[in-house]
Participant: 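Questions regarding the structure given below will be posed in turn.
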Amino acid sequence: LSDVNFIDEQRLSVTTNQSILYSQNGGITFNNITPDVDPKKVIQKLFFDGQNGVVFVQSRVNNKGYFEIFYTRDGGENWTLSKEGFGEQGYLYHNYKTNTFIFRSISSNIGYALISKDDGKNWSDMQLPGFNINAQFNILDNSSLVFKYQNTINNQNQDFLALSKDFGTT
């Protein structure tokens with residue numbers, strides 16, 4: 001097991017490296033709702049509310065990181081590939097209230113991220129100018145992003161906070 005997510009008192013999802021199981025009766029029985037993913041790939045993270053879901057899958061191809069992001073709108077019966085990329089590994093962040101996802105690359109040596117404002121269906125580039133690859137951020141309920149990053153000034157690392165009120169556009 002890599003993750004157990006309780007949606008409410010009766011519904012829960014269980015994620016392993018290769019499968020997603022969903023129960024609507026408190027875990028008495030489960031349905032396999034795994035997207036059609038190569039068994040060599042690893043399911044890293046699942047966000048699922050019983051109807052809508054996004055799954056983040058990672059693997060290595062020719063010694064380079066590779067990721068895929070799938071989404072569902074029908075309880076996991078059908079999954080659609082919405083984004084994929086070579087050479088990138090990273091983390092997936094989510095805010096349920098704003099239906100926003102951000103994929104932050106940790107493979108790149110510049111501040112780079114992808115953002116989805118429609119619950120994982122469509123993705124666009126989100127540059128993080130001036131932020132190093134160790135930048136961390138939170139998605140707030142009012143569509144704001146708070147960035148914590150570090151810059152070197154006078155040969156000393158200094159911590160900074162930055163705020164964007166428009167999903168990182170400014």
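Computation of the quantities below employed the complete heavy-atom set of this structure, encompassing side-chain atoms and omitting hydrogens, waters and symmetry-equivalent molecules. For this chain, numbers begin at 1 and follow the sequence in order. Bear in mind the structure is a predicted one, so any value in this text is a computation, not a measurement.
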Participant: Do side-chain atoms of Asn154 reach the backbone of Gln156 as a donor and acceptor pair under 3.5 angstrom?
Facilitator: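 Side chain of Asn154 to backbone of Gln156: no pair is present.
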Participant: When rounded to the nearest 0.5 angstrom, what distance separates CG in Asn17 from CD1 in Ile43?
Facilitator: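 It comes to 8.0 Å.
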Participant: Assign the ring pair Phe48 / Tyr22 to parallel, tilted or perpendicular, where the plane angle (0 to 90°) is split at 30° and 60°.
Facilitator: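 Aromatic pair Phe48/Tyr22 classed perpendicular.
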Participant: Quick check for you: to the nearest 0.5 Å, what is the distance between Lys45 atom NZ and Asn5 atom CG?
Facilitator: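 Result: 8.0 Å between the selected atoms.
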Participant: Specify the closest pair of heavy atoms between Pro39 and Gln18, including all atoms of both residues, with the distance to one decimal.
Facilitator: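 For Pro39 versus Gln18, the nearest heavy atoms are O-NE2, 3.4 Å.
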Participant: Determine whether Thr29 and Gln24 satisfy the following criterion, side chain to side chain contact (heavy atoms under 4.5 Å, CB included), listing intermediate values before the conclusion.
Facilitator: CA-CA 8 Å; Thr29 60; Gln24 297 183 57; over 6 Å; no
Participant: What's the shortest heavy-atom distance between Phe70 and Val37, and which atoms?
Facilitator: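 What the structure gives for the nearest pair is CE1-CG2, 4.0 Å.
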Participant: State plainly whether one hydrophobic cluster holds both Leu81 and Ile20, where clusters connect Ile, Leu, Val, Met, Phe, Trp and Tyr through side-chain heavy atoms under 4.5 angstrom apart.
Facilitator: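 Yes, because Leu81 and Ile20 connect within a single hydrophobic cluster, where side-chain heavy atoms sit under 4.5 Å apart.
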Participant: Would a distance-only check, ignoring hydrogens and angles, find a side-chain to backbone donor-acceptor pair under 3.5 Å from Thr72 to Gly53?
Facilitator: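 Checked: no pair found.
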Participant: Determine whether Val55 and Val42 fall in the same hydrophobic cluster, where Ile, Leu, Val, Met, Phe, Trp and Tyr are linked whenever their side-chain heavy atoms lie under 4.5 Å apart.
Facilitator: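 Different hydrophobic clusters.
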Participant: Supply the atom-to-atom distance Asp3 CG to Ser13 OG, rounded to the nearest 0.5 angstrom.
Facilitator: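 OG of Ser13 is found 7.0 Å from CG of Asp3.
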Participant: Hey, quick one: are Leu92 and Leu114 part of the same hydrophobic cluster, counting side-chain heavy atoms closer than 4.5 Å, chains of contacts allowed?
Facilitator: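 Yes; tracing contacts between hydrophobic side chains, which count when under 4.5 Å, links both residues.
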Participant: Going by heavy atoms in the side chains, are Thr100 and His94 under 4.5 Å from each other?
Facilitator: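 No, side chains not in contact.
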Participant: What I'd like to find out is whether the side chain of Phe30 reaches to under 4.5 Å of the side chain of Val14, using heavy atoms alone.
Facilitator: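 Contact flag for Phe30/Val14 side chains = yes.
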Participant: Measure across Ser82 and Gly120 and return the closest heavy-atom pair with its distance rounded to 0.1 Å.
Facilitator: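 In terms of heavy atoms, the two residues are closest at OG-O, 2.9 Å.
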Participant: Any side-chain to backbone donor/acceptor pair from Glu84 onto Ile69? Under 3.5 Å, distance only.
Facilitator: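 Flag not set: sc Glu84 to bb Ile69 has no pair under 3.5 Å.
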Participant: Drop me the distance from Lys117's NZ to Ser124's OG, to the nearest 0.5 angstrom.
Facilitator: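 Going from NZ on Lys117 over to OG on Ser124, the span is 6.0 Å.
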Participant: In chain order, what residues pass the side-chain hydrogen bond (donor to acceptor under 3.5 Å, both in side chains) check against Glu68, with sequence neighbours excluded?
Facilitator: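 Checked Glu68 against side-chain hydrogen bond (donor to acceptor under 3.5 Å, both in side chains); matches are Lys41, Tyr66.
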Participant: Please answer: with hydrophobic residues joined when any side-chain heavy atoms are less than 4.5 Å apart, are Val54 and Phe56 in the same cluster?
Facilitator: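 The answer is yes; both residues are in one hydrophobic cluster.
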Participant: Do Thr80 and Asn78 get their side chains close enough for a donor-acceptor pair, meaning under 3.5 Å?
Facilitator: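 The answer is no; no qualifying pair exists.
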Participant: Does the side chain of Asp36 come within less than 4.5 Å of Trp79's, by heavy atoms?
Facilitator: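 When only atoms from C-beta onward are counted, Asp36 and Trp79 do not touch, as no gap falls below 4.5 Å.
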Participant: Taking the six-membered ring for Trp, are the ring centroids of Tyr93 and Phe101 within less than 6.0 Å of each other?
Facilitator: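 Distance test on ring centres: not under 6.0 Å, no.
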Participant: Side chains of Phe67 and Val57: closer than 4.5 Å at any heavy-atom pair?
Facilitator: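 No, side chains not in contact.
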Participant: For the CG atom of Asp49 and the CZ atom of Arg11, what is their distance to the nearest 0.5 Å?
Facilitator: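 CZ of Arg11 is found 7.0 Å from CG of Asp49.
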Participant: Look up atom OG1 in Thr34 and atom CG in Leu21, then write down how far apart they are to the nearest 0.5 Å.
Facilitator: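 Answer for the OG1-CG pair, Thr34 versus Leu21, is 6.0 Å.
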Participant: I'd like to know if Asp118 pairs up with Lys121 as an ion pair, taking the criterion as any Lys NZ or Arg NE/NH1/NH2 lying under 4.0 Å from an Asp or Glu carboxylate oxygen.
Facilitator: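 Judged by the 4.0 Å cut-off on N to carboxylate O distance, Asp118 and Lys121 do not form a salt bridge.
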Participant: Do Val4 and Leu12 come close enough that some side-chain heavy atom pair is under 4.5 Å?
Facilitator: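 Yes, close enough: below the 4.5 Å cut-off.
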